[in-house]
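Working notes, beginning with the structure itself.
Every heavy atom of this structure was used, including side-chain atoms; hydrogens, water molecules and symmetry mates were not. Whatever order the structure lists them in is the order used to number ligands and atoms, beginning at 1.
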Amino acid sequence: MNALDVENLNVHYGAVHAVQGVSFAVAEGELVAIVGSNGAGKSTIMWALSGVKERSGGAVQLFGSPLPSRPHDVVARGLALVPERRRLFSDLSVEENLVMGAYLRGDDEGTRQDRERCFQLFPVLKQRLSQRSGTLSGGEQQMLAISRALMSRPRLLLLDEPSLGLAPILVDALMDTILRIRSEGVTVLLVEQNAARALEIADRGYILDAGRFVKSGPGPELAEDPEIRRAYLGG
Ligand code: ATP
């Protein structure tokens, strides 16, 4: 079964046709990257898939049945989004942000296990539990944003530009973390402007340009493609 089947997705902002008939699938267990420059429509795809932005056309199946229209129903069906620029509850503590991530769950034992799993991935968060999240470093905020999403125990994790604003060494660590999350059985859809890094770790990649896919293929192959490098990877 596929985690995601997207057929002819269209999204508008008034007269702006931001996503223009995009089709793709993500198999369970896969790590798929969508890359493209500023304004290509990457975030809009993520918002549409998480039920935050209404679709103007197309069909989306999540684990074999139609995507619900309300964001909390989407979360309940196993999809969690790590939004661009983290969007943490910055006045709340690290602990409270984690609680918010688990708000739909009633299983205290499972929730406790998932907290521990987040602390294994990001030990620093355990030391910062009572700290206001707005005062964390950029890298720590990204760790918390990912942990908050993991607290809903997603089967499909959407990551919108997670490397944004991180120092190169932290981007390395982040990519390793994404691979580790996937190795623990979570399917991952990653969108990135940092195209080279995303494609290197992706099973498959799609190049998005002005709301349409212009190329797709195995991630590392796209990362090495001279034409793609020239047009989208800054070299
Ligand atoms: P970025 O990395 O800059 O976020 P992106 O690839 O995620 O780029 P989107 O944010 O999805 O791109 O934007 C796609 C298109 O939709 C752009 O032309 C953008 O100007 C337009 N757009 C995005 N949000 C809105 C909005 N709220 N109202 C009108 N147009 C919008």
(message) Against ligand 1, does Ser37 come closer than 4.0 Å with any heavy atom?
(response) yes
(request) Report the nearest protein non-hydrogen atom to atom 31 (C) of ligand 1: residue, atom name, distance rounded to 0.1 Å. (result) Tyr13 CD1, 3.4 Å
(message) Checking the N or O distance criterion of under 3.5 Å, is ligand 1 in contact with Val16?
(response) no
(request) Would you give the length of the straight line joining atom OG1 of Thr111 to atom CG of Leu98, rounded to the nearest 0.5 angstrom? (result) 11.0 Å
(request) Would you check, one step at a time, whether the test side-chain contact (heavy atoms from CB on, under 4.5 Å) holds for Tyr206 with Lys215? (result) CA-CA 6 Å; Tyr206 293 84; Lys215 190 143 192 172; over 6 Å; no
(request) Starting from atom 12 (O) of ligand 1, locate the nearest protein heavy atom and write down its residue, its atom name and how far away it is, to 0.1 Å. (result) Gly41 N, 3.1 Å
(request) Establish whether atom 29 (C) of ligand 1 and some protein heavy atom are separated by less than 4.0 angstrom. (result) yes
(message) At less than 4.0 angstrom from any non-hydrogen atom of Gln193, what atoms of ligand 1 do you find?
(response) 2 (O)
(request) Show which atoms of ligand 1 fall inside a sub-4.0 Å distance from at least one heavy-atom site of Asn38. (result) 1 (P), 2 (O), 3 (O), 8 (O)
(request) Determine whether the side chains of Thr135 and Gln131 contain a donor N or O and an acceptor N or O closer than 3.5 Å. (result) yes
(message) Quiz question for you: does at least one protein heavy atom lie closer than 4.0 Å to atom 7 (O) of ligand 1?
(response) yes
(request) Indicate whether any N or O donor in one side chain lies under 3.5 Å from an N or O acceptor in the other, for Glu28 and Thr187. (result) no
(request) Provide, to 0.1 Å, the distance between atom 11 (O) of ligand 1 and the closest protein heavy atom, together with that atom's residue and name. (result) Thr44 OG1, 2.5 Å
(message) Could you identify the single nearest non-hydrogen protein atom to atom 10 (O) of ligand 1 and state the distance to 0.1 Å?
(response) Ser43 CB, 3.9 Å
(request) Report the nearest protein non-hydrogen atom to atom 17 (C) of ligand 1: residue, atom name, distance rounded to 0.1 Å. (result) Gly39 O, 3.5 Å
(request) Check for a donor-acceptor pair, side chain of Asn194 on one end and backbone N or O of Ser163 on the other, with a separation under 3.5 Å. (result) no
(request) Considering only NZ, NE, NH1 and NH2 on the basic side and carboxylate oxygens on the acidic side, decide whether Arg230 and Asp225 come within less than 4.0 Å. (result) no
(request) Inspect the contact between Arg182 and Glu30 and indicate whether a charged nitrogen and a carboxylate oxygen are less than 4.0 angstrom apart. (result) no
(request) Determine whether the side chains of Ser133 and Asn97 contain a donor N or O and an acceptor N or O closer than 3.5 Å. (result) yes
(request) Identify whether the distance between the nearest side-chain nitrogen and carboxylate oxygen of Glu192 and Arg197 falls below 4.0 Å. (result) no
(message) Geometry only, no angles: is Lys42 polar-contacting ligand 1 at N/O separations under 3.5 Å?
(response) yes
(request) Please say whether Ala18 places an N or O atom under 3.5 Å from an N or O atom belonging to ligand 1. (result) no
(message) List ligand 1 atoms under 4.0 Å from Ala40, heavy atoms only on the residue side.
(response) 5 (P), 6 (O), 12 (O)
(message) For the backbone of Ser37 and the side chain of Lys42, can you confirm whether one donor and one acceptor N or O come within less than 3.5 Å of each other?
(response) yes
(message) Can you report which non-hydrogen protein atom sits closest to atom 2 (O) of ligand 1, along with the distance?
(response) Glu161 OE2, 3.2 Å
(message) Please list the nearest protein heavy atom to atom 4 (O) of ligand 1 with its residue and the distance rounded to 0.1 Å.
(response) Glu84 OE1, 3.2 Å
(message) Rounded to the nearest 0.5 Å, what separates atom CD in Gln61 from atom CE in Met1?
(response) 10.5 Å
(message) When you measure from the heavy atoms of Met46 to every atom of ligand 1, does any distance fall below 4.0 Å?
(response) no
